[in-house]
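Presented below is the structure to which this report refers.
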Amino acid sequence: MKKILGLVLAVIMMAACFAGCGSKNDDGGSAAGDGNSAEKEKLVMATNAEFPPYEYHEGGEVVGIDAEVAALIADELGMELEIVDVDFDTIVPGVSSGRYDIGMAGMTVTEERLESVNFTTSYATGIQSIIVTEDSPITSVDDLFGDGNYTIGVQTSTTGDIYSTEDIEDAGLGTVNRYNKGADAVQALLAGRIDCVIIDNEPAKAFVEANEGLKILDTEYAVEDYAICYAKDNEELGAKVNEALEKLIADGKVQEVIDKYINAD
């Protein structure tokens, strides 16, 4: 009887051992999985979703050209995209500090930004346009450099802000009023508090279409290229993102996204 009892106990102990020893991988993780091993690494993208058609809100989500291009890049890298909507002027500092992996917001490469972050290959071209009221005395970009001493509205830290500050305000030719959103600058223009708005052409078209009494001047203020920013101390990720981006450009997939929003008939 004792022998039988001992045999039963031995079998139970062996079963317990197999159950305990076989449930984990060499690294201590569960072989059956608690789900963690299947989770994708996140690619966190910072943007400012006030810049249609590159990024804007629709149905509670951030959509647009940059959102779709970033999603394609994440797929290429086998990562899960997470988009964080923040103030535009916090994107570069947030990426530089490592809070976000990349920044996409119709962002132009400038010398000032290159002091804090690096950029990928350009994936789109943008135009800085000038919005005025239909009865405005401003008829061309040259008027901003004359004796009018106009007040210009811009979104804080955008290239419209950078260019007009350097070219006009610093030269004593006019005043620059800065707003957190391009839409706020447009409302100030409608209210007569400023004389014009300098902003990228695509959102400019959306603002003019949505507000009567406004128009875009035929003469552009500047032409620039958009790129993705990443931290200087994260060259490994930056190289992977750039490689994926260049592949998507070569495959024509980036242009397909741009055409979907801008060049579609």
Side-chain angles (χ1 to χ4, degrees), residues 47-56 64 66 86-93 103-116 124-227 229 262:
T47 192
N48 177 242
E50 303 287 344
F51 189 63
Y54 283 88
E55 40 268 317
Y56 57 98
D66 286 346
V86 299
D87 289 341
F88 185 85
D89 59 354
T90 67
I91 295 176
V92 168
M104 292 184 73
M107 188 172 293
T108 308
V109 181
T110 66
E111 292 299 323
E112 181 181 355
R113 290 170 184 164
L114 283 170
E115 293 176 3
S116 303
T125 299
I127 296 172
Q128 288 290 315
S129 292
I130 304 170
I131 304 175
V132 296
T133 55
E134 291 180 345
D135 60 352
S136 174
I138 302 172
T139 59
S140 75
V141 65
D142 293 335
D143 291 336
L144 298 180
F145 295 90
D147 299 327
N149 196 31
Y150 295 111
T151 301
I152 301 163
V154 297
Q155 183 177 1
T156 301
S157 295
T158 61
T159 46
D161 180 5
I162 295 170
Y163 297 155
S164 60
T165 298
E166 294 177 352
D167 299 343
I168 298 173
E169 189 170 62
D170 290 352
L173 300 175
T175 303
V176 176
N177 285 6
R178 298 163 185 84
Y179 301 87
N180 288 331
K181 300 177 182 179
D184 294 341
V186 171
Q187 289 305 309
L189 175 61
L190 288 167
R193 294 193 295 272
I194 58 178
D195 299 302
C196 68
V197 174
I198 296 179
I199 196 168
D200 291 69
N201 192 54
E202 293 307 319
K205 290 191 292 186
F207 289 136
V208 169
E209 184 178 350
N211 296 277
E212 291 185 8
L214 300 180
K215 65 180 182 180
I216 299 172
L217 295 184
D218 292 334
T219 54
E220 59 206 22
Y221 191 87
V223 178
E224 54 197 10
D225 294 323
Y226 298 150
C229 72
I262 296 179

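Side chains are part of it too, since the values below use all heavy atoms of this structure and drop only hydrogens, waters and symmetry mates. Just so we're clear, the structure is a prediction, and the values are computed from it rather than from any experiment.
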- Query: Tyr150 and Asp143: side-chain hydrogen bond (donor to acceptor under 3.5 Å, both in side chains), yes or no, with the steps?
  - Reply: CA-CA 9 Å; Tyr150 295 111; Asp143 291 336; 5.8 Å; no
- Does the side chain of Thr175 reach to within under 4.5 Å of the side chain of Asn177, using non-hydrogen atoms? yes
- Going by heavy atoms in the side chains, are Leu144 and Leu173 under 4.5 Å from each other? no
- Could you give me the CA-CA distance, side-chain angles and deciding distance for Ser129 and Glu220, then say whether side-chain hydrogen bond (donor to acceptor under 3.5 Å, both in side chains) is met? CA-CA 5 Å; Ser129 292; Glu220 59 206 22; over 6 Å; no
- Query: In terms of side-chain heavy atoms, does Thr159 have a donor or acceptor partner in Glu224 at a distance below 3.5 Å?
  - Reply: yes
- Is any side-chain heavy atom of Met107 less than 4.5 Å from a side-chain heavy atom of Phe88? yes
- Non-hydrogen side-chain atoms of Val197 and Ile130 separated by less than 4.5 Å: no
- Message: Could you tell me if the side chain of Arg113 sits less than 4.5 Å from the side chain of Thr110, heavy atoms only?
- Response: yes
- Verify whether one side chain among Gln155 and Asn48 offers a donor that lies under 3.5 Å from an acceptor in the other. yes
- Check step by step if salt bridge (Lys or Arg N to Asp or Glu O under 4.0 Å) holds for Lys181 and Glu50. CA-CA 7 Å; Lys181 300 177 182 179; Glu50 303 287 344; 3.8 Å; yes
- Message: Going by the rule salt bridge (charged side-chain N to carboxylate O under 4.0 Å, His left out), which residues pair with Asp161 if we only count those two or more places apart in sequence or in a different chain?
- Response: Arg178
- Give a yes or no on whether the ring-centroid distance for Tyr54 and Tyr226 is below 6.0 angstrom. yes
- Is the closest side-chain donor-acceptor distance between Gln128 and Asp200 under 3.5 Å? yes
- Query: Is there a side-chain contact between Ile168 and Phe145 (heavy atoms, below 4.5 Å)?
  - Reply: yes
- Query: Any side-chain heavy-atom pair from Asp195 and Ile152 closer than 4.5 angstrom?
  - Reply: no
- Query: Between Lys215 and Val132, is any pair of side-chain heavy atoms under 4.5 Å apart?
  - Reply: yes
